Amino acid sequence: MEGEKYAKELDVAVRVVHMACSLCQRLQQGIVSAGSDLVKSKEDDSPVTVADWSVQATVSWILSEFFGSQNVSIIAEEDVQTLSKADSASLVEAVVNTVNECLSGAPKYGLKSPPRALNTSQVLEAISRCNSAGGPKGRHWVLDPVDGTLGFVRGDQYAVALALVEDGKVVIGVLGCPNYPMKKELLSYHYQYHETMSRLSPPSDDMWERGCVMYAKRGSGEAWMQPPILGDKKFVWPNSARLVRVSSIDDPKLATCCEPVEKANSDHSFTAGLAHSVGLRNQPLRVYSMVKYAAIARGDAELFMKFARTGYKEKIWDHAAGVVIVEEAGGVVTDAGGRPLDFSKGPYLEGLDRGIVVCSGATLHEKIIDAVYASWDSSNL
Ligand SMILES: Nc1ncnc2c1ncn2[C@@H]1O[C@H](COP(=O)(O)OS(=O)(=O)O)[C@@H](OP(=O)(O)O)[C@H]1O
Ligand SMILES: [Mg+2]
Ligand SMILES: [Mg+2]
Ligand SMILES: [Mg+2]
């Protein structure tokens with residue numbers, strides 16, 4: 001039956017993203033307070049941590065174990081280059097220990113643990129095998145183990161993002177958002193988030209205070225959200241899943257826009273000009289990671305725009321999971337020329353026209369695309 005297609009893949013993906021979220025939550029406080037020895041800088045000066053590598057190894061091992069390693073093609077952000085350096089022995093040990101601790105808890109999520117702890121080469125192999133070329137044919141899992149690593153190391157928003165692409169189309173997407181609870185006011189920027197969360201601590205029993213896992217299957221017309229699996233609780237479907245839907249606001253004066261925190265990642269002045277020209281009046285929410293896609297899908301914001309500097313090539317793992325969740329929640333995702341994002345050409349969104357525009361509905365989307373068309377020549381992008 002059509003409805004059954006991808007059911008098993010979605011089931012395993014949701015379970016392993018819950019596992020990965022609990023791993024990250026255990027690590028985030030330590031990494032924020034311990035500072036730099038668990039955080040490394042990659043060649044492009046972006047950060048990578050024990051959590052990024054450990055989530056990638058865990059997801060890679062679980063998918064390979066469940067579907068058979070010969071049947072699993074994965075494109076993921078991280079590789080073992082930094083871990084293979086002579087001075088990375090303690091980092092490798094930290095990753096191996098983190099992965100084995102996480103995998104030992106797999107039965108809690110209804111998944112199988114390895115018969116014995118993985119050794120270093122097994123963990124490094126699980127990470128390095130996520131180097132598929134992807135492309136227009138076949139099935140490829142697309143993983144960003146920690147999206148918004150900058151947000152993660154700063155104790156703020158981040159996401160675990162897992163998607164399945166088949167014949168170039170994103171067919172399922174799962175976004176783990178451990179720091180994005182039900183309450184919308186926590187979406188706003190760093191200080192207010194901590195200020196509000198400190199009022200909630202000690203960790204509230206209300207699981208909806210702590211975060212969420214969102215997911216969708218292409219063509220279902222539905223996007224769902226579950227609370228995290230806390231403490232000794234076991235994962236059991238439906239795990240209090242709730243349907244989410246994009247906002248019905250299409251009046252720009254009432255709309256909220258969200259955008260990347262780092263102005264190096266997106267031209268804030270250009271997007272501010274666009275927003276103003278279509279009549280938006282609310283201050284933009286600056287949010288790390290694909291939590292911005294989650295916010296649109298849940299109706300907490302109506303617009304997300306990202307205009308990276310010329311020459312920057314967007315990676316498919318930074319968008320795949322968010323796109324299908326927003327679209328199945330009723331939203332619209334295109335590039336600045338109004339064309340769908342292309343996930344069929346390997347690790348990059350090839351042919352992306354200038355930027356990405358994510359909207360809660362067609363009315364607002366059309367206004368933004370027209371505004372880009374009208375203002376592009378005068379911009380210095
Ligand atoms: N210079 C530049 N321009 C555009 N995009 C960049 C750039 N550098 C990094 N990245 C990628 O953006 C991902 C972070 O996206 P965010 O939405 O979190 O941006 S921001 O951190 O809020 O500014 C981030 O994903 P993660 O590395 O998974 O955090 C990067 O892949
Ligand atoms: Mg990164
Ligand atoms: Mg990313
Ligand atoms: Mg990442």
Side-chain angles (χ1 to χ4, degrees), residues 17 20-21 23-24 27-28 31 39-60 74-79 82 127 130 142-163 173-180 187-190 193 257-271 284-296 301 303-323 326 333 335-336 341 343 347-349 352 354-358 381:
V17 167
C21 287
L23 179 163
C24 291
L27 284 182
Q28 185 178 32
I31 285 178
V39 181
K40 289 291 177 192
S41 187
K42 293 193 284 190
E43 278 173 7
D44 65 359
D45 283 340
S46 66
V48 57
T49 75
V50 171
D52 299 75
W53 284 304
S54 301
V55 166
Q56 185 159 319
T58 298
V59 173
S60 169
I74 307 175
I75 310 175
E77 177 179 3
E78 308 306 346
D79 59 34
T82 308
I127 295 169
C130 301
V142 178
L143 171 67
D144 192 337
V146 177
D147 181 51
T149 304
L150 219 44
F152 179 73
V153 299
R154 292 176 177 172
D156 206 317
Q157 295 292 351
Y158 66 98
V160 175
L162 180 59
V174 184
L175 268 185
C177 310
N179 284 337
Y180 182 21
L187 180 59
S188 59
Y189 192 46
H190 186 83
Y193 166 75
C257 172
C258 49
E259 63 182 1
V261 170
E262 296 296 301
K263 55 181 181 304
N265 290 8
S266 183
D267 188 307
H268 287 168
S269 53
F270 179 66
T271 48
L285 287 178
R286 297 226 168 111
V287 183
Y288 293 104
S289 79
M290 275 191 263
V291 164
K292 294 184 281 291
Y293 280 98
I296 304 286
L303 177 61
F304 157 36
M305 294 186 281
K306 181 177 183 183
F307 285 79
R309 69 181 182 287
T310 309
Y312 178 79
K313 295 189 76 172
E314 291 285 356
K315 291 97 165 185
I316 59 171
W317 52 74
D318 278 328
H319 302 283
V323 167
V326 164
V333 185
D335 65 15
L341 307 188
F343 293 92
Y348 298 105
L349 290 176
L352 184 81
R354 292 167 289 176
I356 293 168
V357 179
V358 183
L381 274 171

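No experiment lies behind these values; they were computed from the predicted model shown. Whatever order the structure lists ligands and atoms in, that order sets their numbers, starting from 1.
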Measuring from [atom], which candidate in [options] has the nearest non-hydrogen atom?
| atom | options | answer |
| --- | --- | --- |
| atom 18 (O) of ligand 1 | Ala159, Ser289, Gly311 | Ser289 |
| atom 11 (C) of ligand 1 | Phe307, Phe304, Tyr312, Trp317 | Tyr312 |
| atom 7 (C) of ligand 1 | Val146, Asp45, Asn265 | Asn265 |

Does the side chain of [X] reach to within under 4.5 Å of the side chain of [Y], using non-hydrogen atoms?
| X | Y | result |
| --- | --- | --- |
| Leu352 | Leu341 | yes |
| Val357 | Leu303 | yes |
| Asp156 | Val261 | no |
| Lys292 | Pro260 | yes |
| Leu150 | Pro47 | yes |
| Pro145 | Glu77 | yes |
| Met305 | Cys257 | yes |

State the atoms of ligand 1, each with its element, that fall below the 4.0 Å cut-off from a heavy-atom position in [X].
| X | value |
| --- | --- |
| Tyr288 | 18 (O), 21 (O), 22 (O) |
| Lys306 | 4 (C), 5 (N), 12 (O) |
| Ala264 | 1 (N), 2 (C), 3 (N) |
| Arg309 | 1 (N), 2 (C), 3 (N) |
| Asp144 | 28 (O) |

If you look at every heavy atom in Gly148 and Tyr158, which pair is closest and at what distance? O-CB, 3.7 Å

Suppose we measure from [atom] to each protein heavy atom; which comes out shortest, and what is that distance?
| atom | result |
| --- | --- |
| atom 30 (C) of ligand 1 | Asp318 OD2, 3.7 Å |
| atom 17 (O) of ligand 1 | Lys292 NZ, 2.4 Å |
| atom 27 (O) of ligand 1 | Glu77 OE2, 3.0 Å |
| atom 29 (O) of ligand 1 | Gly148 N, 2.6 Å |
| atom 22 (O) of ligand 1 | Val261 N, 2.9 Å |

Quick check against the 3.5 Å criterion: does Gln157 have a side-chain atom that pairs as donor or acceptor with the backbone of Gly151? no

Any protein N, O or S atom under 2.8 Å from the Mg ion (ligand 3)? Found Asp144 OD2, Asp147 OD1, Asp318 OD1

Close approach, Val287 and ligand 1, non-hydrogen under 4.0 angstrom: yes

Quick one: CG on Asp52 to NZ on Lys40, what's the gap to the nearest 0.5 Å? 13.5 Å

Rounded to the nearest 0.5 Å, how far does CG of Asp267 lie from CZ of Arg309? 12.0 Å

For Glu259 and Thr271, which I'm curious about, is there any donor-acceptor pair between the side chains at under 3.5 Å? yes

Which atom pairs, donor and acceptor, lie under 3.5 Å between side-chain atoms of residues 314-322 and protein residues at least two apart or in another chain?
unit_1, atom_1, unit_2, atom_2, d
Glu314, OE1, Lys306, NZ, 3.4
Glu314, OE1, His319, NE2, 2.8
Glu314, OE2, Lys306, NZ, 3.4
Lys315, NZ, Tyr312, OH, 2.8
His319, ND1, Tyr293, OH, 2.7

May I ask you to check whether Leu150 has an N/O atom sitting below 3.5 Å from an N/O atom of ligand 1? no

